[in-house]
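Predicted model only: the values in this text are computed from it and were never measured.
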There are 2 protein chains.
Amino acid sequence: MKSKGKRAQQRLKTRAAILDATESIMREEGYAAVSSRRIEEKAGLKSQLVHYHFGNMNKVFLALYRRSEELFFSRMLKVLASADPLKKLWDLSIATEESTLVLEFTAIATHRKEFRDELVRSADRARSLENAILAKAFGNRKSYNLKVNPNVFSFILQSVSRAVIMERGVGITKGHSEILEFIESILKNWKLESDDD
Amino acid sequence: MKSKGKRAQQRLKTRAAILDATESIMREEGYAAVSSRRIEEKAGLKSQLVHYHFGNMNKVFLALYRRSEELFFSRMLKVLASADPLKKLWDLSIATEESTLVLEFTAIATHRKEFRDELVRSADRARSLENAILAKAFGNRKSYNLKVNPNVFSFILQSVSRAVIMERGVGITKGHSEILEFIESILKNWKLESDDD
DNA sequence: GTCTATAGGCCGATAGAC
DNA sequence: GTCTATCGGCCTATAGAC
């Protein structure tokens, strides 16, 4: 039993090392730079192990995506449970490190249809969680007498954070402080109004 | 003189065919799928011609980028000259066909530093034109007594259109009609308010 | 300016020894 | 499970004939 456990443990360790290397390469050079040989280099193991453990490269991306997704959803649940969910949702969206991988996966899905279904399924799940967060935030106001639809408001938040992160990725930061201040002032005023209820 | 002109014409024709093929592949499969061999296949000419005319693949991307940029700026100038520049700017931003290439070039710039400078320079130029368009639109109102800074407003418009196009790219369209209606209602009301001045 | 030929590299993936 | 060895494929780029 113990030796079995050790084998399983080593198996998980190797798989994790492969996924870590993949994630690292994706962050630094993009998904197109990932290959079994580059993983070999990065993780210090033979490229053939990548095929042994995952079958092919597409399954490596898929496995990494699912691992990242779990992490992302656990963070979303924390956001939902927090006292100020909308602000926390924004903080999560605007964090560069958290979102660069999402952009890479989106790029993969745009050009590989095997990947698309996975991402669409996940996007639906994320949208559900966002709705729950919005319901909680808007619920504090007791009524929905707002100028903007909650879903529209959420879409705008996500759009702006993605755009900021994409521009950061190519070294553009001009005008970012203005837009970030604007969004944050809205979120702040909102909070105050909610407290008034 | 005439034979010289013919040669120059053929030269331009071949170069254009290479760029057309490159653009086509980028739209359908993304920049990572572009190679001199794929261009050979698509344009019906030998892959070595790609190297003869452009030196290396990076310069092919650069040449295509500059060609697209010219087209884009000529469209922006038309927007600026129009009676309803803000709405026309939005129409241009939200057109999928016009913006998918931009997203691909952004992806290239994110991971190839040779490309970055070019894109940043171009982004500055685009921002200047956007500012002119905004100045014209806001100028109609005689004063700047607005809730949102013009640059912030413009950033939000561009962010939302990009996000919509990215989601379309992976087959997600849920919630798009709501957000598009929201944006367009703002632009419409705005126009009416401007006319009131 | 366009062709053939070819060098040299990185890639995914598999077979088989241990 | 991890290794060595290896195949076939596609890639960039260059040299040289025409």
| task | Dump the intermediate steps for side chain to side chain contact (heavy atoms under 4.5 Å, CB included) on A/Leu119 and A/Ile108, then the final yes or no. | result | CA-CA 10 Å; A/Leu119 192 116; A/Ile108 299 178; over 6 Å; no

| query | Does A/Tyr31 have its ring centroid less than 6.0 Å away from the ring centroid of A/Phe105? | reply |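 A/Tyr31 vs A/Phe105: aromatic centres not under 6.0 Å.
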
Nearest-Å distance for atom pair [atom1]/[atom2], residues [X] and [N]:
| X | N | atom1 | atom2 | result |
| --- | --- | --- | --- | --- |
| A/Ile39 | C/dA13 | CD1 | C1' | 14 Å |
| A/Asn56 | C/dC11 | CG | C1' | 14 Å |
| B/Leu45 | C/dT2 | CG | C1' | 10 Å |
| A/Gln10 | D/dC3 | CD | P | 10 Å |
| A/Arg38 | C/dG12 | CZ | P | 11 Å |
| B/His53 | D/dA13 | NE2 | P | 16 Å |
| B/Lys46 | D/dA13 | NZ | P | 18 Å |
| B/Glu41 | D/dC10 | CD | P | 10 Å |

| Residue list, ring pair (Phe, Tyr, Trp, His ring centres under 6.0 Å) with B/Phe155, at least two apart or on another chain |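 A/His176.
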
| task | Could you give me the CA-CA distance, side-chain angles and deciding distance for A/His111 and B/Glu104, then say whether side chain to side chain contact (heavy atoms under 4.5 Å, CB included) is met? | result | CA-CA 11 Å; A/His111 302 300; B/Glu104 286 299 324; 2.6 Å; yes

| request: Answer yes or no: does a side-chain N or O of A/His51 lie under 4.0 Å from OP1 or OP2 of C/dG12? | output: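 A/His51 to C/dG12 OP1/OP2: no side-chain N or O under 4.0 Å.
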
| request: Please check the phosphate of D/dC11 (OP1 and OP2 only) for any side-chain N or O of B/Ser35 closer than 4.0 Å. | output: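 Affirmative; the distance criterion is met.
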
| request: Would you jot down, in residue-number order, the residues of residues 12-22 of chain A having a non-hydrogen atom under 4.0 Å from DNA chain D? | output: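 The stretch gives A/Thr14 as the residues lying under 4.0 Å from the strand, ordered by number.
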
| message | Short of 4.0 Å, heavy atom to strand atom, which residues of residues 25-34 of chain A count as contacting DNA chain C? | response |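 None, since no heavy atom is under 4.0 Å.
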
| task | Check DNA chain C against residues 105-119 of chain B and give the residues with a non-hydrogen atom under 4.0 Å, in numerical order. | result |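 By residue number: none to list.
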
Inspect the contact between [Y] and [X] and indicate whether a charged nitrogen and a carboxylate oxygen are less than 4.0 angstrom apart.
| X | Y | answer |
| --- | --- | --- |
| B/Arg27 | B/Glu97 | no |
| B/Lys174 | B/Glu167 | no |
| B/Arg15 | B/Asp20 | no |
| B/Glu69 | B/Arg121 | yes |

| task | Go through B/Trp90 and B/Asp84 one step at a time and tell me if the side chain to side chain contact (heavy atoms under 4.5 Å, CB included) criterion holds. | result | CA-CA 10 Å; B/Trp90 171 252; B/Asp84 193 7; over 6 Å; no

| field | Smallest separation among heavy atoms of A/Ser161 and A/Gln158, with atom names | value |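 Closest pair (atom of A/Ser161, atom of A/Gln158, distance): OG-O, 3.0 Å.
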
Dump every N/O contact between nucleotides 15-18 of chain C and the protein below 3.5 Å, one line per pair.
none

| query | salt bridge (charged side-chain N to carboxylate O under 4.0 Å, His left out) with A/Lys42: which of A/Glu28, A/Glu23, A/Glu29? | reply |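 Considering A/Glu28, A/Glu23, A/Glu29, a salt bridge (charged side-chain N to carboxylate O under 4.0 Å, His left out) with A/Lys42 is found only for A/Glu28.
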
| field | Counterpart residues, side chain to side chain contact (heavy atoms under 4.5 Å, CB included), relative to B/Glu40 (two or more places apart) | value |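 B/Glu40 satisfies side chain to side chain contact (heavy atoms under 4.5 Å, CB included) with B/Lys46, B/Ser47 only.
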
| said: With hydrogens left out and only the distance checked, is there a donor-acceptor pair under 3.5 Å joining B/Arg7's side chain and the base of C/dG1? | reply: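 Answer no: no donor N or O sits under 3.5 Å from an acceptor.
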
| request: Take A/Ser122 and A/Phe72, measure what side chain to side chain contact (heavy atoms under 4.5 Å, CB included) needs, and give me the verdict at the end. | output: CA-CA 11 Å; A/Ser122 166; A/Phe72 176 71; over 6 Å; no

| Distance in Å, A/Ile156 CD1 paired with B/Ser159 OG, rounded so as to fall on 0.5 Å steps |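 Reported value, rounded in 0.5 Å steps: 10.0 Å.
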
